[in-house]
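One structure below.
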Amino acid sequence: MIDFARVQKELVECSKDSEGSGIKVSQKSDDLVQLIGTIPGPVGTPYEGGTFQIDITLPEGYPFEPPKMQFKTKVWHPNISSQSGAICLDILKDQWSPALTLKTALLSVQALLSAPQPDDPQDAVVAQQYLKDYQTFVSTARYWTESFAKASTRGIEDKVQKLVEMGFPEAQVRNILEAVGGDENLALERLL
């Protein structure tokens, strides 16, 4: 059985420090089982300047079982599937401990972006490129970050305007669009 009181507490803790760390966790729906995490790309990496969305599903046994996490934002990394967003990280599997939290798990995912482990890959093609042609790997990772992890301000403004024209308050629209990573359809569902 999921410890919902703990999940609520973790969400509050994450929101307290989100300005400093850039790490956020918010509800994807009314229940506390489907969440969305947001991490900034680490400085000094090809992911710098990007904002990465991670789908989080809490299993029945949470916190005694690890949360299921996968990148919603496409990312070019040896330990993250470029197709599905699946993450190869020990603490999300057999090294999970109930002492860990959603925030520490997201910090570990962020650290993985800084320190790829190409010898234990999730995506063999990316790992081979990382090992054999590092410069092409960096260029590709940077290109994917620019293409998929950087919200175009123009695009967001268009979405805000469209939703405000539907009669929703601008501040609420902006908050929800940020929480859902700019997904206009998901924002509309949350607004209704």
Side-chain angles (χ1 to χ4, degrees), residues 2 4 7-43 45-58 62 67-77 80-87 92 101-114 141-192:
I2 296 175
F4 288 113
V7 175
Q8 284 282 28
K9 187 177 173 195
E10 287 190 42
L11 291 177
V12 169
E13 286 301 313
C14 268
S15 68
K16 279 183 188 172
D17 184 41
S18 68
E19 290 302 315
S21 68
I23 293 176
K24 299 176 187 157
V25 179
S26 56
Q27 290 175 244
K28 197 172 180 180
S29 59
D30 288 339
D31 64 28
L32 287 172
V33 175
Q34 301 290 323
L35 305 169
I36 189 115
T38 306
I39 60 171
V43 174
T45 71
Y47 313 103
E48 183 175 355
T51 302
F52 298 87
Q53 301 277 315
I54 298 168
D55 277 326
I56 303 169
T57 304
L58 299 181
Y62 185 82
K68 305 215 179 322
M69 294 187 175
Q70 81 180 66
F71 273 81
K72 185 175 168 183
T73 308
K74 289 177 74 76
V75 62
W76 190 255
H77 188 283
I80 300 158
S81 170
S82 59
Q83 302 299 308
S84 69
I87 304 167
L92 295 179
T101 63
L102 294 170
K103 182 174 181 182
T104 55
L106 288 170
L107 282 166
S108 296
V109 170
Q110 186 184 43
L112 182 66
L113 289 178
S114 294
R142 201 170 280 133
Y143 175 78
W144 277 43
T145 300
E146 291 291 328
S147 300
F148 304 114
K150 290 189 176 178
S152 124
T153 315
R154 177 88 183 112
I156 293 291
E157 291 307 315
D158 288 346
K159 291 172 185 177
V160 168
Q161 183 180 354
K162 210 184 286 184
L163 291 168
V164 167
E165 285 172 2
M166 290 181 190
F168 299 107
E170 184 176 341
Q172 185 183 13
V173 166
R174 287 187 186 283
N175 287 340
I176 290 177
L177 270 172
E178 182 183 335
V180 298
D183 184 324
E184 192 176 347
N185 293 325
L186 199 52
L188 186 56
E189 284 177 27
R190 296 267 299 267
L191 285 162
L192 294 173

Exercise for the section: For Tyr62 and Leu102, run side chain to side chain contact (heavy atoms under 4.5 Å, CB included): C-alpha distance rounded to whole Å, both residues' side-chain angles, the deciding distance at 0.1 Å, then the answer. Expected result: CA-CA 10 Å; Tyr62 185 82; Leu102 294 170; 3.6 Å; yes

Handout entry: Evaluation steps, side chain to side chain contact (heavy atoms under 4.5 Å, CB included), between Met166 and Val173
Key = CA-CA 11 Å; Met166 290 181 190; Val173 166; over 6 Å; no

[atom1]/[X] to [atom2]/[Y] distance, rounded to the nearest 0.5 angstrom?
X: Leu106; Y: Ile56; atom1: CG; atom2: CD1; answer: 4.5 Å
X: Leu32; Y: Gln8; atom1: CG; atom2: CD; answer: 5.0 Å
X: Asp31; Y: Ile2; atom1: CG; atom2: CD1; answer: 8.0 Å
X: Lys72; Y: Ile54; atom1: NZ; atom2: CD1; answer: 11.5 Å
X: Leu191; Y: Asn175; atom1: CG; atom2: CG; answer: 10.0 Å
X: Leu177; Y: Glu170; atom1: CG; atom2: CD; answer: 10.5 Å

Do you know which two heavy atoms are closest between [X] and [Y], and how far apart they sit?
X: Leu163; Y: Ala187; answer: CD1-CB, 4.2 Å
X: Pro40; Y: Gly22; answer: CD-O, 3.4 Å
X: Cys14; Y: Lys103; answer: SG-CB, 3.5 Å
X: Arg190; Y: Lys28; answer: CD-O, 3.8 Å

Practice task
Report yes if some heavy atom in the side chain of Thr145 is under 4.5 Å from a heavy atom in the side chain of Thr45; otherwise report no.
Solution key: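 In short, these two side chains do not touch, never coming nearer than 4.5 Å.
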
Exercise for the section: Using a 4.5 Å cut-off on heavy atoms from C-beta on, say whether the side chain of Ile87 contacts that of Leu92. Expected result: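 Yes, at least one pair of side-chain atoms sits under 4.5 Å.
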
Problem - Charged N-O contact under 4.0 Å between Arg174 and Glu157 - result: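 Glu157 and Arg174: salt-bridged.
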
Exercise for the section: Identify whether the distance between the nearest side-chain nitrogen and carboxylate oxygen of Glu13 and Lys16 falls below 4.0 Å. Expected result: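 Lys16 and Glu13: salt-bridged.
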
Practice task
Using side chain to side chain contact (heavy atoms under 4.5 Å, CB included) as the criterion, list what pairs up with Tyr143, not counting sequence neighbours.
Solution key: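 Partners of Tyr143 under the side chain to side chain contact (heavy atoms under 4.5 Å, CB included) test: Ser147.
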
Practice task
State which residues pass side chain to side chain contact (heavy atoms under 4.5 Å, CB included) with Ala86; sequence neighbours excluded, sorted by chain then number.
Solution key: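 Partners of Ala86 by the side chain to side chain contact (heavy atoms under 4.5 Å, CB included) criterion, ordered by chain and then number, come out as Ser81, Ser84, Gln122.
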
Problem - Worked check of side chain to side chain contact (heavy atoms under 4.5 Å, CB included) between Phe168 and Val160 - result: CA-CA 9 Å; Phe168 299 107; Val160 168; over 6 Å; no

Practice task
With side chain to side chain contact (heavy atoms under 4.5 Å, CB included) as the test, would you mind laying out the steps for Thr57 and Gln34 before giving the verdict?
Solution key: CA-CA 5 Å; Thr57 304; Gln34 301 290 323; 3.4 Å; yes

Handout entry: ring-ring contact (aromatic ring centres under 6.0 Å, His included) partner of Trp76, chosen from Phe148, Phe52, Trp144
Key =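 Among Phe148, Phe52, Trp144, the one that satisfies the ring-ring contact (aromatic ring centres under 6.0 Å, His included) with Trp76 is Trp144.
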
Exercise for the section: Output all residues satisfying ring pair (Phe, Tyr, Trp, His ring centres under 6.0 Å) with Tyr47, sequence neighbours left out; order by chain, then residue number. Expected result: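 Tyr47: ring pair (Phe, Tyr, Trp, His ring centres under 6.0 Å) contacts with His77.
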
Exercise for the section: Determine the sole option in Thr38, Thr104, Ile39 for which the side chain to side chain contact (heavy atoms under 4.5 Å, CB included) test with Ile23 is passed. Expected result: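 Answer to the side chain to side chain contact (heavy atoms under 4.5 Å, CB included) test with Ile23 among Thr38, Thr104, Ile39: Ile39.
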
